[in-house]
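This report refers to the structure that appears directly beneath it.
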2 protein chains.
Amino acid sequence: MTSTPATRKAQQPREETIRKREDILKAALQTFGSRGYKSGSLAEIADQVGITHAGVLHHFGSKDQLLLDVLVYRDKTDVAHLEGKHIPGGRGLFTHLVATAALNAKRPGIVQAYAVLSGDSVTDGHPAKDWFRARYAQLRTEVSEALLEVCGDKPPTQQVVDDAAASILAVMDGLQVQWCLDPDNVDLARASEFAIEGILSVAVASGKSRK
Amino acid sequence: MTSTPATRKAQQPREETIRKREDILKAALQTFGSRGYKSGSLAEIADQVGITHAGVLHHFGSKDQLLLDVLVYRDKTDVAHLEGKHIPGGRGLFTHLVATAALNAKRPGIVQAYAVLSGDSVTDGHPAKDWFRARYAQLRTEVSEALLEVCGDKPPTQQVVDDAAASILAVMDGLQVQWCLDPDNVDLARASEFAIEGILSVAVASGKSRK
DNA sequence: CTTAACTTACTGACTCGTGAGTAACCTAAT
DNA sequence: ATTAGGTTACTCACGAGTCAGTAAGTTAAG
């Protein structure tokens with residue numbers, strides 16, 4: 001099985017193939033994002049890149065695997081357009097989140113995909129449940145750390161930090177759902193900024209007022 | 001065709017039938033809530049109440065219609081256990097929301113159903129999209145009105161009211177998703193209370209500080 | 001009160017469509 | 001010559017909706 005031959009180099013696929021795979025990932029994000037995982041068919045994805053559904057399976061092995069690959073691809077490209085490789089910490093994280101919300105208001109497809117797939121992931125036996133759990137756990141940690149940094153030597157209780165971190169992510173996600181359903185009556189960018197800054201200030205204040 | 005005989009009264013279905021229909025609705029909420037709309041099959045629902053999928057269709061006509069009926073049923077029972085028939089206004093609304101969050105932490109099934117179905121609803125052509133849109137619109141209005149009432153004669157701007165209302169609903173929904181994925185690391189009740197009170201206080205303060 | 005006419009609440013069997021995965025084969029590049 | 005990147009042609013499974021029939025109840029007439 002694991003006969004990875006040391007003599008043979010890992011055999012990177014051809015340039016063209018890499019591009020093709022990326023095309024498939026884009027198409028899959030589009031399809032899963034707008035129809036959901038179960039309803040999004042391999043055939044529809046394959047169509048978009050001009051091959052058959054069996055061709056897609058050739059590259060990704062199974063539908064489940066494709067979904068997982070789509071998710072990491074989506075994350076990778078999302079971080080990619082940041083100049084530095086990594087998300088900032090401290091106050092910068094929160095301005096970054098606000099900026100992301102503003103950016104998102106201009107790419108409904110991405111927002112819909114996230115709303116659909118994160119909701120999807122809480123169904124029983126969903127293939128991406130672990131992925132989403134881990135992702136949220138990591139995001140909460142990052143936000144918590146940034147929050148502590150902002151508070152300096154007057155940190156709030158651990159509970160407040162945890163609640164604030166979860167709440168900030170929650171409000172962003174929840175607003176995206178409402179915005180997808182009713183874009184004319186929800187101002188995604190503005191409401192996100194209001195809520196993030198609000199929760200942040202309450203959390204920071206909670207630290208300052210401790211004796 | 002339209003020979004509705006005036007002589008015959010509208011013929012309410014039998015007691016037993018009403019109970020059966022309710023059983024089906026409960027089963028459907030369970031199934032759609034845990035598997036999603038597309039994956040939840042009529043056969044699985046029918047099994048739970050000891051009939052066949054054709055029997056379910058006899059009562060509800062189509063799967064789409066069943067989903068819609070499930071949603072109104074769920075809302076109805078949710079409000080039912082409130083002593084007064086209607087949700088309170090003013091400050092009471094917010095304590096009610098906090099109480100609901102605490103209650104929800106004890107009924108994971110309901111929470112999962114809501115998380116799954118609201119996410120589901122933003123997919124293209126989803127049968128319950130309009131229903132959810134209308135529901136959120138109404139909830140936002142109710143929260144906005146309650147917020148204005150709390151602020152008294154020093155109301156914030158309309159924008160702040162709108163943003164706060166959407167944010168409060170959003171944070172509740174978002175926390176539910178995170179809690180479904182990772183109940184050990186998210187305290188649904190506590191975080192909901194923190195966020196609701198926090199957003200509320202920021203909004204109220206925003207009104208007071210206006211000149 | 002009984003019987004006939006009708007309705008309700010189903011079942012079982014079927015159709016029609018869809019969709020993932022597989023296997024065999026083809027073709028072009030290395 | 002071999003492998004990567006496909007295609008065509010399947011299979012197998014599932015799921016919604018239709019339909020004919022049936023058993024049980026309901027209503028009205030004699």
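The structure displayed is predicted, hence computed values, not measured ones.
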Produce the list of close N/O pairs, under 3.5 Å, pairing protein atoms with atoms of nucleotides 24-29 of chain C; give distances to one decimal.
none

Output yes when a side-chain donor or acceptor of Q178(A) lies under 3.5 Å from a complementary backbone atom of A166(B), and no otherwise.
yes
Rounded to the Å, how far apart are R19(B) CZ and dC10(C) P?
12 Å
Non-neighbouring partners of F32(A) that pass ring-ring contact (aromatic ring centres under 6.0 Å, His included), sequence neighbours left out
Y37(A)
Salt bridge (Lys or Arg N to Asp or Glu O under 4.0 Å) pairs touching residues 36-63 of chain B, sequence neighbours excluded, are R35(B)-E44(B)
Enumerate the salt bridge (Lys or Arg N to Asp or Glu O under 4.0 Å) contacts for residues 125-138 of chain B, please, sequence neighbours excluded, ordered by first and then second residue.
D75(B)-R135(B), D130(B)-R133(B)
Under 4.0 Å between a side-chain N/O of T17(A) and OP1 or OP2 of dG5(D), yes or no?
yes
Using C1' atoms of five pairs at each end, report the bend of the helix from dC1(C)-dG30(D) to dT30(C)-dA1(D) rounded to 10 degrees.
0°
Identify the two heavy atoms, one from M172(A) and one from L97(A), that lie closest to each other, and give their separation to 0.1 Å.
CE-O, 3.7 Å
According to a strict under-4.0 Å criterion, is T52(B) in side-chain N/O contact with OP1 or OP2 of dG12(C)?
no
Applying salt bridge (Lys or Arg N to Asp or Glu O under 4.0 Å) as the test, list every pair that has at least one member in residues 100-120 of chain A; sequence neighbours left out.
D78(A)-R107(A)
Contact list for residues 53-62 of chain A, test side chain to side chain donor-acceptor pair (under 3.5 Å), sequence neighbours left out:
R21(A)-H59(A)
Sequence neighbours excluded, which residues qualify as salt bridge (Lys or Arg N to Asp or Glu O under 4.0 Å) partners of D162(A)?
none
Please identify each residue that fulfils salt bridge (Lys or Arg N to Asp or Glu O under 4.0 Å) with D187(B), with sequence neighbours left out.
R190(B)
Hey, are the side chains of V177(A) and D173(A) touching, using non-hydrogen atoms and a 4.5 Å cut-off?
no
Could a donor-acceptor pair under 3.5 angstrom be found where the side chain of H53(B) meets the base of dG15(D)?
no
Please work out which residues in residues 55-71 of chain B have a non-hydrogen atom less than 4.0 Å from an atom of DNA chain D and list them by number.
L57(B), S62(B), K63(B)
For residues 192-203 of chain B, pull every pair meeting side chain to side chain donor-acceptor pair (under 3.5 Å), keeping only residues two or more places apart or in separate chains.
R91(B)-E197(B)
Contacting residues from residues 26-46 of chain A, given that a heavy atom lies under 4.0 angstrom of DNA chain D:
none
Quiz question: by atom type and distance under 3.5 Å, do the side chains of D163(A) and Q159(A) form a donor-acceptor pair?
no
Please determine, by modelled atom types, if D23(B) and Q48(B) share a side-chain donor-acceptor pair under 3.5 angstrom.
no
